[in-house]
Novice: 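Take a look at this one; I'll ask things after.
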Amino acid sequence: MAKLPLSFYQNIEVNQLAVQLLGKRLYTCVNGVLTGGIIVETEAYKGVEDKASHAYGGRFTDRTRVMYEQGGLSYVYLCYGIHHLFNVVTAPQGIPHAVLIRGLEPVEGLDVMQERRNMPVLKPNLTAGPGALAKAMGIDRGLNAKDLGGDEIWIEDKGLSFNDDEIVSSPRVGVDYAGDHALLPWRYYVKGNRFVSKPNS
DNA sequence: CGTAAGATTGCCT
DNA sequence: GGCAATCTTACGT
């Protein structure tokens, strides 16, 4: 195993980190069952500056507390009452940056994932999309604020990396009106991968 | 095919 | 009370 060192997560450039996370392997071990896959889509959340971030403007609550911690922790929360979303907390303590994992290419424990998602047949959207992949990996609030170097949920470097021309960055959807800030390409995905949540052109 | 609407719970500097 | 970083299903074409 080659788990990512704590220092990896201390980078203050979330966008850079979001790119570096592509190709890494995310594993969870829930109830003694191992599942894992390759990260193929991420989205950077730039804490205080990012309107979509829970920590926008310096919001500090019980829920967002983890985001202000030192990088290398998990941040899991429930969205729309149904979906769990998994984030990687990054940057040194006090800076609430995070990277949302949006797409995963399943590698380990396929059958378990399909069972958890109630999908008898393997379809590309098994783990495409943040809510979907969290469910497939068995991630819920119980995995919040975990050390990503632990043995319940962790990230490994298997030496897989992508060239710049294999990585696509895109702005968020439906933000044309928001001015210069809206154009920042904070979403990254691997070109042509079937497990990206959006069709690539 | 594509679009549209419903589900459902925690959070709230 | 109103909203939220979404997914699935249903229906029309």
Side-chain angles (χ1 to χ4, degrees), chain A residues 14-15 17-19 21-22 26 35 37 39-69 71 73-91 93-106 113-146 148 153 168-178 181-189 193-201:
Chain A
V14 261
N15 292 326
L17 218 93
V19 171
L21 279 172
L22 293 175
L26 173 68
T35 49
I39 298 170
V40 295
E41 186 179 359
T42 60
E43 189 164 318
Y45 279 84
K46 235 178 188 175
V48 178
E49 308 166 33
D50 187 356
K51 272 189 185 165
S53 170
H54 291 153
Y56 173 64
R59 273 187 299 233
F60 187 88
T61 66
D62 282 343
R63 183 176 55 152
T64 60
R65 175 169 289 120
V66 199
M67 300 181 77
Y68 290 83
E69 291 297 321
L73 295 174
S74 65
Y75 172 45
V76 179
Y77 94 103
L78 191 60
C79 180
Y80 284 79
I82 331 177
H83 304 292
H84 296 278
L85 273 61
F86 170 67
N87 301 251
V88 176
V89 176
T90 70
Q93 186 170 20
I95 304 175
H97 289 180
V99 176
L100 171 67
I101 309 299
R102 297 184 51 90
L104 199 76
E105 181 173 335
M113 292 195 198
Q114 290 177 224
E115 198 179 310
R116 288 207 269 242
R117 298 242 24 223
N118 207 5
M119 273 187 184
V121 185
L122 178 60
K123 284 189 288 184
N125 65 349
L126 176 68
T127 52
L133 80 85
K135 188 169 181 187
M137 300 284 288
I139 295 172
D140 62 14
R141 299 279 318 297
L143 286 177
N144 189 32
K146 294 289 183 189
L148 291 177
I153 179 165
V168 183
S169 61
S170 65
R172 286 175 224 226
V173 191
V175 285
D176 314 333
Y177 56 87
H181 257 230
L183 298 177
L184 293 172
W186 284 340
R187 177 171 301 175
Y188 304 92
Y189 59 90
N193 191 287
R194 301 193 310 288
F195 296 94
V196 172
S197 66
K198 234 176 61 171
N200 24 81
S201 71

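Letters go in sequence order (proteins before strands), and every chain restarts at 1.
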Novice: Rounded to the nearest 0.5 Å, how far apart are CE of A:Met119 and CE of A:Met113?
Specialist: 12.5 Å
Novice: Measure from OH on A:Tyr77 to C1' on C:dA4 and round the result to the nearest Å.
Specialist: 6 Å
Novice: Applying a 3.5 Å limit to both distances, which nucleotide forms a Watson-Crick or G-U wobble pair with C:dC3?
Specialist: B:dG10
Novice: Could you tell me whether the side chain of A:Met67 reaches within less than 4.5 Å of the side chain of A:Ser53, counting heavy atoms only?
Specialist: yes
Novice: Scan nucleotides 1-6 of chain B against the protein and return all N/O pairs shorter than 3.5 Å with their distances rounded to 0.1 Å.
Specialist:
none

Novice: Using the side chain to side chain donor-acceptor pair (under 3.5 Å) criterion, which residues pair with A:Glu105? Sequence neighbours excluded.
Specialist: A:Asn193
Novice: What is the separation between atom CZ on A:Phe86 and atom P on C:dC7, rounded to the nearest whole Å?
Specialist: 16 Å
Novice: When rounded to the nearest 0.5 angstrom, what distance separates CG in A:Leu143 from CZ in A:Phe86?
Specialist: 8.5 Å
Novice: Tell me the interatomic distance from A:His97, atom NE2, to C:dA5, atom P, rounded to whole angstroms.
Specialist: 17 Å
Novice: For the atom pair CZ (A:Arg187) and CG (A:Leu100), what is the distance rounded to the nearest 0.5 Å?
Specialist: 8.5 Å
Novice: Send over the distance from A:Ile139 CD1 to C:dT6 P, rounded to a whole Å.
Specialist: 16 Å
Novice: Can you tell if the side chain of A:Val89 reaches within under 4.5 Å of the side chain of A:Leu148, non-hydrogen atoms only?
Specialist: no
Novice: Would you give the length of the straight line joining atom CG of A:Leu21 to atom CD1 of A:Ile101, rounded to the nearest 0.5 angstrom?
Specialist: 5.5 Å
Novice: Drop me the distance from A:Arg102's CZ to A:Asn87's CG, to the nearest 0.5 angstrom.
Specialist: 11.0 Å
Novice: Calculate the interatomic distance between A:Leu133 atom CG and C:dT6 atom C1'; express it in whole Å.
Specialist: 12 Å
Novice: Between protein and nucleotides 7-13 of chain B, map the contacts as a letter string: B base, S sugar-phosphate only, - none, heavy atoms under 4.0 Å, written 5' to 3'.
Specialist: BBBSSSB
Novice: Could you state the atom-to-atom distance from CG of A:Asn125 to C1' of C:dT9 in whole Å?
Specialist: 13 Å
